[in-house]
Trainee: 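I'd like to ask you about the structure that follows.
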Amino acid sequence: MSEQTQARGDSARRVVVVGAGMAGVQTAVALREQGFTGSVTLIGAEPHQPYDRPPLSKAVLLGKAEGSAFDIDFKALEIELRLGREVVGLRPEDHELDTVEGPVRYDVLVLATGAEPIRLPGAEGVPGVHLLRTLDDAERLRPVLAQQHDIVVVGAGWIGAEFATAAREAGCAVTVVEAADRPLAGALPAEVAAPMTGWYADSGAELRTHARVERIEPGAVVLDDGSRVPADAVVVGIGARPATAWLTGSGIALGIHGEVLADEHLRTSVPDVYAVGDCASFPSGRYEERLLVHHWDNALQGPRTVAANIIGETPVAYDPVPYFWSEQFGRFVQYVGHHASADTTVWRGDPQGAAWTVCWLRSGRLVALLAVGRPRDLAQGRRLIESGTLMDRTLLADPSLPLKEATA
Ligand SMILES: Cc1cc2nc3c(=O)[nH]c(=O)nc-3n(C[C@H](O)[C@H](O)[C@H](O)COP(=O)(O)OP(=O)(O)OC[C@H]3O[C@@H](n4cnc5c(N)ncnc54)[C@H](O)[C@@H]3O)c2cc1C
């Protein structure tokens, strides 16, 4: 019987969540918070108690925090944890998952397997080459930082910048090699990323753009222009892709990045199966395009919609204003919205200074905002984006005026 036709609130219903990261854990918790009385099983491949990832590239890496386990009493919430178990297949026709320990039945399934880092071709298994996605990765990197090695970071994205920040703080010599002409090339327009280029040098890290890795040798990274950069350790931060290879052949529709193609209710193409977090994209009504969001807030908000749709009669649409933050080079960077369709950019403050904001407008309304050291702009901007308020461009450009007073 399909979940849609089954009696709601049925305490005999069994929800199984695959992936015990932020999105999986939050789905299980949201089900209980919203009154679900059936059984909830959370299956995760990692052996550790479920933990939060953002501290891995910050406090955990520097040894300022031992770990980042979620402070959740799973037992009290009657959430069954099955950790250290990889799910290897899905057979929707039988409502069953395959794990190495055998099959697991579900009435409703939630896919929350997150993302895995993209590997550098040829660097697989090379000693001294690291990724930064898991607690195990962070624990392997901690002594590397403590030894104050020469470190090469491949990729000047969010993870690369945060790792470079920690490595400089630990006293390592850091070179960041980036194939594009600037940091964050995939995420931000050139004019916005331009002031961030200087942050690397200010921190004492060297940023080399237009630099492609040719190969990694013992003690060095060789670039495609023939130059050799000394490297006792290499950290690869060139992006992540949805961890969905195990779904191949299951009938779950996947997109070109391997992401689960969820609908606006976070349902997949297969009945009784939902998807949420880094592993899934969804159609944004607000931005009129499909979004694949690899940020923490999406793994917090999406699960509430999934839980509501598992429990409730009337389907709830997921249409968030995306949000994320990054802590890099002593700065707190926050972004809210989605700027792809913007027609106007307005700066608040001097981008060479310590605190500034970029606002993106479409037809006079705020659609996205990036704030560096201006959390109040972020908080107010988020509300203005949600409400679709018309803004006054001249007032908006005055950083001394609260953002919420810059309306037309
Ligand atoms: C180092 C780091 C720093 C970050 N910092 C920030 C930040 O500052 N701000 C921000 O907004 N975002 C940040 N993020 C992103 C944020 O952490 C992610 O968006 C979030 O963790 C996504 O949650 P998720 O549950 O969808 O996926 P994940 O956290 O990837 O969890 C998925 C889990 O599923 C498990 N899994 C995968 N396949 C299977 C399988 N077949 N069977 C069983 N289990 C499986 C995985 O082992 C994993 O534990 C950071 C990410 C990293 C890696």
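Numbering of ligands and ligand atoms starts at 1, following listing order. Given the structure is predicted, the values throughout are model-derived calculations rather than measurements.
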Trainee: What distance do I216 atom CD1 and L120 atom CG have between them, rounded to the nearest 0.5 Å?
Mentor: 5.0 Å
Trainee: Do we get R290 above F282's six-membered ring, with its NZ or CZ under 6.0 Å from the centre and within 45° of the axis?
Mentor: no
Trainee: If you take the nearest heavy atom of each of D278, L135, D52, which one is closest to atom 26 (O) of ligand 1?
Mentor: D278
Trainee: Could you tell me whether A45 and ligand 1 have an N or O pair separated by under 3.5 Å?
Mentor: yes
Trainee: Contact between ligand 1 and Q26 is defined here as a heavy atom of the residue under 4.0 Å from a ligand atom; is it met?
Mentor: no
Trainee: So is there a nitrogen or oxygen of E86 less than 3.5 Å from a nitrogen or oxygen in ligand 1?
Mentor: no
Trainee: Which is it for A138 and ligand 1 at heavy atoms under 4.0 Å: side chain, backbone, both or neither?
Mentor: neither
Trainee: Out of G19, S57, A245, P54, whose heavy atom is nearest to atom 6 (C) of ligand 1?
Mentor: P54
Trainee: Going by the rule side-chain hydrogen bond (donor to acceptor under 3.5 Å, both in side chains), which residues pair with W199 if we only count those two or more places apart in sequence or in a different chain?
Mentor: none
Trainee: With respect to E46, determine whether any N or O atom, backbone or side chain, lies less than 3.5 Å from an N or O atom of ligand 1.
Mentor: yes
Trainee: With atoms numbered from 1 as shown, which atoms in ligand 1 lie under 4.0 angstrom from a non-hydrogen atom of A299?
Mentor: 22 (C), 23 (O)
Trainee: What's the spacing between T268 OG1 and D263 CG if we round to 0.5 Å?
Mentor: 8.5 Å
Trainee: Do ligand 1 and M22 have nitrogen or oxygen atoms that lie under 3.5 Å from each other?
Mentor: yes
Trainee: Which residue in the set D297, V367, V321 passes side-chain contact (heavy atoms from CB on, under 4.5 Å) when paired with V336?
Mentor: V321
Trainee: Can you list the ligand 1 atoms lying under 4.0 Å from a non-hydrogen atom of A23?
Mentor: 24 (P), 25 (O), 26 (O)
Trainee: Please determine if G44 has a nitrogen or oxygen closer than 3.5 Å to a nitrogen or oxygen of ligand 1.
Mentor: no
Trainee: Have a look at W158, W246, W296, F163 and point out the one with the heavy atom closest to atom 11 (O) of ligand 1.
Mentor: W296
Trainee: Where do V270 and G251 come nearest, in terms of heavy atoms and distance?
Mentor: CG2-O, 3.6 Å
Trainee: Not counting sequence neighbours, which residues clear side-chain contact (heavy atoms from CB on, under 4.5 Å) with A397? List them please.
Mentor: V346
Trainee: Heavy atoms only: which of E116, K58, E327 lies closest to atom 8 (O) of ligand 1?
Mentor: K58
Trainee: Please walk me through it: do Y335 and W158 pass ring-ring contact (aromatic ring centres under 6.0 Å, His included)?
Mentor: CA-CA 12 Å; Y335 179 100; W158 301 110; 7.9 Å; no
Trainee: Report yes if some N/O of D297 lies less than 3.5 Å from some N/O of ligand 1; otherwise report no.
Mentor: no
Trainee: Taking a cutoff of less than 4.0 Å between a non-hydrogen atom of the residue and any ligand atom, is A112 in contact with ligand 1?
Mentor: yes
